Amino acid sequence: MPRIARLTNEERAAALATLPQWRLADDASGISRSFNFPDFVTAFGFMSRVALLAERADHHPEWSNVYGRVDIRLTTHDADGLSQRDIALAREIEVLLAV
Ligand SMILES: C[C@H](O)[C@H](O)[C@H]1CNC2=NC(N)=NC(=O)C2=N1
């Protein structure tokens with residue numbers, strides 16, 4: 001029994017309308033975005049900042065890094081799908097990039 005509620009179709013559509021850079025998985029289980037930085041150090045600095053956000057939120061990304069590229073997928077394991085926690089972390093990541 002999932003401990004966190006999955007978003008309804010309506011909630012998901014409304015949330016994703018505010019996150020145009022994020023792509024919904026075909027099975028709607030999560031959202032993903034790729035980030036490109038000029039080099040590894042910049043990419044890893046970004047990952048460090050995301051890691052602090054994730055730890056504070058107790059919500060952790062699935063991700064990979066190749067040199068300057070960072071691929072992030074957000075899904076909620078405790079909900080077996082997409083929850084408000086994923087949306088909240090995606091928004092925080094967007095704020096990080098905006099400053
Ligand atoms: C015990 C702890 O709060 C949970 O395991 C948290 C940790 N981070 C998590 N991260 C993600 N992405 N999904 C979760 O369900 C989740 N659960």
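As the structure is a computational prediction, the values presented were derived from the model and not from experiment. Atoms within each ligand, like the ligands themselves, are counted from 1 in listed order.
- Salt bridge annotation for Arg73-Asp71: absent, with no cationic side-chain nitrogen under 4.0 angstrom from a carboxylate oxygen.
- Under 3.5 Å, the side chains of Thr76 and Arg6 contain no donor-acceptor pair of N or O atoms.
- A donor atom on one side chain and an acceptor atom on the other are found under 3.5 Å apart for Glu62 and His77.
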Show me a pair-per-line table, with atom names and distances to 0.1 Å, of protein N or O atoms that are under 3.5 Å from an N or O of ligand 1.
| unit_1 | atom_1 | unit_2 | atom_2 | d |
| --- | --- | --- | --- | --- |
| ligand 1 | 3 (O) | Asp58 | OD2 | 2.3 |
| ligand 1 | 8 (N) | Asp58 | O | 3.3 |
| ligand 1 | 8 (N) | His60 | ND1 | 2.8 |
| ligand 1 | 10 (N) | His60 | N | 3.0 |
| ligand 1 | 12 (N) | His60 | O | 2.8 |
| ligand 1 | 12 (N) | Thr75 | O | 2.8 |
| ligand 1 | 13 (N) | His77 | N | 3.1 |
| ligand 1 | 13 (N) | His77 | ND1 | 3.3 |
| ligand 1 | 15 (O) | His77 | N | 3.1 |
| ligand 1 | 15 (O) | Asp78 | N | 2.7 |
| ligand 1 | 15 (O) | Asp78 | OD1 | 3.3 |
| ligand 1 | 15 (O) | Asp78 | OD2 | 3.2 |
| ligand 1 | 17 (N) | Asp78 | OD2 | 3.0 |

Working for salt bridge (charged side-chain N to carboxylate O under 4.0 Å, His left out), residues Arg33 and Glu94: CA-CA 11 Å; Arg33 183 178 169 186; Glu94 293 301 316; 2.7 Å; yes

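- Looking at heavy atoms from C-beta onward, Trp63 lies in side-chain contact with Met47 at the 4.5 angstrom threshold.
- Within a 6.0 Å radius of CZ in Phe44, no more than 12 heavy atoms belonging to other residues, nucleotides or ligands are found.
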